[in-house]
Amino acid sequence: MSSNVAKSSYGQTLHFITDIKLQELEKQRLAYQAHAKVLEQAKALGDEGRLIEKIETLARGITSWTGSGAIDNNQIVGGKLQLGNLEFWLLQARHDPSFSREIAEGWAQTLEDHIRHTMMRFDSAKLFGSLFNEWLSSGDSVALAPQAELDSSSEGASGAQSPSFVEVGRKEMHEQKEKFTSLVFEEHPVDTKALNEYLEDLFSSDQASKALEKLHKELKNFGYHLQRKPITHGDVVIAINGLLASDLMDEEKRTTLKAFQDNWTVIQEVSSVLSMRMASIESWTWPKEGIPVEFRRHLNGKYRAFTDPDIIDALLLHHIGVAWQVKLKQALIRLFDSKAWIRQGPPHHDERERRTQQLQRESGKASIQAEREKNQRELFFLTQLQDHANVHKSYDDGDDYSSNAPRNTANAALGPAQVKQKLLHIMTTECYLNTALHGTHATICSDLEWFGPSLPHASILTILDFLGMPKLWLSFVQAFLSTPLRFIGESEVRVRKRGTPISYSLSVLCGEAVIFIMDFAVNQRANGLFLHRMHDDLWLWDADVKKVAAGWAEMNKYAALVGLKFNQEKTGSAYVGPKSEDAAGLPGGDIRWGFLRFDVEESRFVIDQENVGKHIVEMRRQLASTKSVFGWVNTYNKYMAFFLRNLGGTPANCFGQAHISGVVTTLARIQRELFSDSSNGDVVSVVGYLRKVIKERFSVTDLPEGYFYFPIASGGLELRNTMLEILALQRDNRPLASWGSKSAIFGEDKSAGDSDNNANASETFNESEYTAEKKFPKLMENDRQRYDTLKDVWDHDKDNQRKYGSRNSSNPKEKFMSFEEYTTLRESWLSPWGESYRHMLGLPSVRSVSFVPKVEEALKLTQSESPVIWSSLDWYKQWVLSMYGEEVVKKFGGLDAVDPNLIPVGMVQLFRTSRIKLDQ
């Protein structure tokens, strides 16, 4: 069965399942329309003498309905009327002359509202069904329709675009394909003798030699046992999950792998086959007919060449790659922790004891240096390699679509996007710290040009051999790298002679092994400087520009030896401080991070609006290529997450008001420019645009604003509001966007006005203590006072620690350290500095919200009836409910626009996890 046929069958199956549910929904909607004629009957009874009869008619109409939205006598209608009590109340109303007519009219209104709300929910369900059917038929998701082939004869989805965009897209793809083929089929000469000599010299110290010898023994033993260890059922399940977490497999094979998960017999058979292949691993080869290659476009505009292996090979390669990743990482972390790795070592025992006593039990464990080393180890050292076999990593650095919802989380829980943001926060904080303490700060950023496709096989094998991988496994890696490739639409098969295929765990192993040597080289040759790295995204910084220049020189030396080139477009440097001859050793170019550019004059990152503009144009094109509302919303959400992520994501405490205002202004600009050339002049927002489209396609109007933002599982469109993700934040009980004298939202001048209010604000908020650029200078000013306090305690033994005979008094007459010595400990020992450093890296909290009584009431009712949707309220749902909940309740009688039981739950999940089909 061909891939396209399978994908088509998959889509047809989804259509079939969904159609059954939607047909049933439509039957109920039409039935309720007929049932709701009870409103007309009640209206005819509406004169003063027949009010009780009208109420009875409406109540019977509600209790006699047995379809979706049916209620019994024990339930409460409209949050205030229990039908079980109504019969008794009506009896009183008939016979009690003093009974209030207004109360009875309220009952009637409540019953009428319930029937109308139920009708609205059925109408909304019809719209929901129409939207889903449109999406299923549109091909807007990769999971639902064949992806367009990218050879010159394929029109694909791009036929819906303007000719100029089609030409540009194809031109970019073909240019990158030509570059790809020029690299991977041409063997790059590597002087392996010179490379080996470099490696021997790098590990020539006693400590490094011992670490290398131990590494050789570990890898030799591991390689021997790995081949002989049976691949268990659990190993197969882990490998399946790993492949599904990657972008390697096409939709047909992903569907097959998911089917494997539910069939234990199949897993047993696969386990047996893989164990047999492992036993004869020395003879493993790729199929001679070649592996298909497909170019896929990502949100950032890059095209990448993905291969399409068969399932058994993919499982075997993933299992082997992950096993070697885990082992190599464990071994190299031991080297990182050893004395072979140059770092600022702890003081000798006596000095450590002296500091601990004089500084009131401070041990240095809460210092800036301790935080640095923790982040280096956890976030930037071999982080592409897996720690455990069952922890799956994404090997693609392009498009993490997850939301940047604010959160304070442990490093271990951070995903790739959050790690990248953490690096931005650390570099920004270090710049403020170094300029405050030392008056200088130097930074270099770069990445390796075409790293994956250009990595010479000779370099990979030489380094793996040097690290201790056994000959058998070196031969296997060589067979893996020598992939026979066949481009889709072409018949020629050519053997790869350079580079590693994307999204394989073995490729990551090869790449990380090669760049680890660069990590170690920078550490050894630049006096302990740490190379902050996310795969081939490389960052160096320090207060000492000479160290940074030395690190950069060593990186260039090593790259030349292994046959790699730095990407000049992504290489740049920045130096803050007085003029220095050593700065001449830094490369040219700007420091860039996403849409941010480091401004030396301001000593901070600023937004590159020109780059933002290019992506707005591209986003508009991709939105125009969608053919369904759900496809449009899915694309919009992922692009807006992409924008926010590349603007720095959730702004940490190290960012000042200028940055936050810039982010808010840029998000507003994106909205304006996306809809600026709409034919309808008053359509100036995303909601306005969707209202217009839904009206034109489905003749539905009068939808409340919250409908567009509410979860899709409740019948909404689940549109993501990225502006809210910034405006909902606060720092020190103040909204983040209102920091400073200018309002980031409306541009209002807050510096003037009521002098009393300003005076009160200044009493409760000292901005100089919290402004990012003033944080460390303020701390420097406070050091003298803290030092004097500590010295006074020591000199007068106020803590009773230095009396003769005390076990803590090694030398009770010893003088307290000088202020000059005290200030040298700011980074290496003092906890107040460590606390301030960590605070700068921290994320702001989310402002709490409260609900109006009507929403609070509806929420309690909905949580009991549909707990899956509303039982867990994260900050984003809370804000959406607070802002739009009352309007939704007024329209639909509750928080669900559609009865959750009528929504195809599988389709909802598919919508959330589907990959958008980018127009090529």
Side-chain angles (χ1 to χ4, degrees), residues 25-127 700-704 707 715 852-862 864-865 885-899 901-902:
L25 187 154
E26 180 62 8
K27 286 180 184 176
Q28 291 202 33
R29 188 185 74 86
L30 294 174
Y32 196 82
Q33 270 188 350
H35 190 81
K37 290 183 178 178
V38 68
L39 289 173
E40 298 176 7
Q41 299 169 10
K43 185 178 181 181
L45 299 171
D47 57 75
E48 291 189 7
R50 308 181 72 180
L51 177 58
I52 302 303
E53 190 177 347
K54 174 181 179 179
I55 294 171
E56 290 175 334
T57 300
L58 292 169
R60 281 195 302 271
I62 291 173
T63 55
S64 63
W65 172 248
T66 58
S68 170
I71 63 174
D72 56 37
N73 284 345
N74 294 321
Q75 289 181 273
I76 298 175
V77 177
K80 51 189 174 184
L81 183 61
Q82 187 173 34
L83 294 179
N85 295 332
L86 185 60
E87 184 177 356
F88 170 73
W89 291 342
L90 287 174
L91 182 65
Q92 181 186 5
R94 283 181 183 276
H95 300 286
D96 186 351
S98 64
F99 190 85
S100 170
R101 179 178 180 81
E102 291 180 357
I103 292 178
E105 288 174 343
W107 295 342
Q109 188 62 54
T110 298
L111 297 172
E112 287 180 355
D113 287 345
H114 174 81
I115 295 172
R116 290 193 177 95
H117 287 150
T118 304
M119 289 177 64
M120 285 300 308
R121 282 154 65 98
F122 270 116
D123 289 342
S124 182
K126 179 182 180 181
L127 174 60
V700 175
T701 59
D702 198 28
L703 291 168
Y707 169 84
V852 297
K854 184 175 286 189
V855 174
E856 187 78 48
E857 200 174 83
L859 179 61
K860 290 179 181 178
L861 181 64
T862 311
S864 63
E865 294 180 351
E886 187 172 11
E887 186 187 17
V888 171
V889 172
K890 182 178 179 181
K891 183 73 173 180
F892 300 107
L895 297 178
D896 295 326
V898 179
D899 183 347
N901 295 318
L902 295 178

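Everything numeric here is computed off the predicted structure, so don't read it as measured data. Both backbone and side-chain heavy atoms feed into the values below; hydrogens, waters and symmetry mates do not.
- Side-chain contact between Val898 and Phe892 is absent, with no heavy-atom pair separated by less than 4.5 Å.
- Counting heavy atoms from C-beta on, the side chains of Leu895 and Val889 come closer than 4.5 Å.
- Looking at Lys37 and Glu40, no side-chain N of the basic residue comes within less than 4.0 Å of a carboxylate O on the acidic one, giving no salt bridge.
- Side-chain N or O atoms of Lys891 include none that pairs as donor or acceptor with a backbone N or O of Ala897 at under 3.5 Å.
- For the atom pair Glu56 CD and Glu53 CD, the distance stands at 7.0 Å (nearest 0.5 Å).
- Across Ser64 and His35, no two heavy atoms sit closer than the pair OG-CE1, 3.1 Å.
- At least one side-chain heavy atom of Leu39 sits under 4.5 Å from a side-chain heavy atom of Leu58.
- Using a 30° and 60° split on the angle between ring planes, Phe122 and Trp65 fall in the perpendicular class, above 60°.
- For the pair Val38/Gln41, a side-chain contact is recorded, criterion being any heavy-atom separation below 4.5 Å from C-beta on.
- For the pair Leu111 and Leu83, the minimum side-chain heavy-atom distance is below 4.5 Å.
- The line from CD1 of Ile62 to OG1 of Thr57 is 11.5 Å long, rounded to the nearest 0.5 Å.
- Counting heavy atoms from C-beta outward, Leu81 and Trp89 have side chains that approach closer than 4.5 Å.
- Salt-bridge annotation for Glu26 and Arg29: present, with a side-chain N of the basic residue lying under 4.0 Å from a carboxylate O of the acidic one.
- The CG atom of Leu91 sits 8.0 Å away from atom CZ of Arg94, with the distance rounded to the nearest 0.5 Å.
- Shown here for Gly885 and Val855, the closest heavy-atom pair between the two residues is C-CG2, 3.5 Å.
- Without hydrogens or angle criteria, Ser124 side chain to Met120 main chain gives no donor-acceptor distance under 3.5 Å.
- At a threshold of 4.5 Å between non-hydrogen side-chain atoms, the residues Leu30 and Gln33 count as touching.
- More than 12 heavy atoms of other residues, nucleotides or ligands sit less than 6.0 Å from atom CD of Gln92.
- The side chain to side chain contact (heavy atoms under 4.5 Å, CB included) test with Ile55 singles out one residue from Leu45, Thr110, Leu86, and that residue is Leu86.
- At least one donor-acceptor pair under 3.5 Å links the side chain of His117 to the backbone N or O of Asp113.
- Contact annotation: the side chain of Leu127 approaches that of Tyr707 to within less than 4.5 Å [non-hydrogen atoms, C-beta and beyond].
- Residues satisfying the salt bridge (charged side-chain N to carboxylate O under 4.0 Å, His left out) criterion with Arg116, sequence neighbours excluded, are Glu112.
- Of all non-hydrogen atoms in Lys54 and Ala108, the two that sit nearest each other are CE-CB, 4.5 Å.
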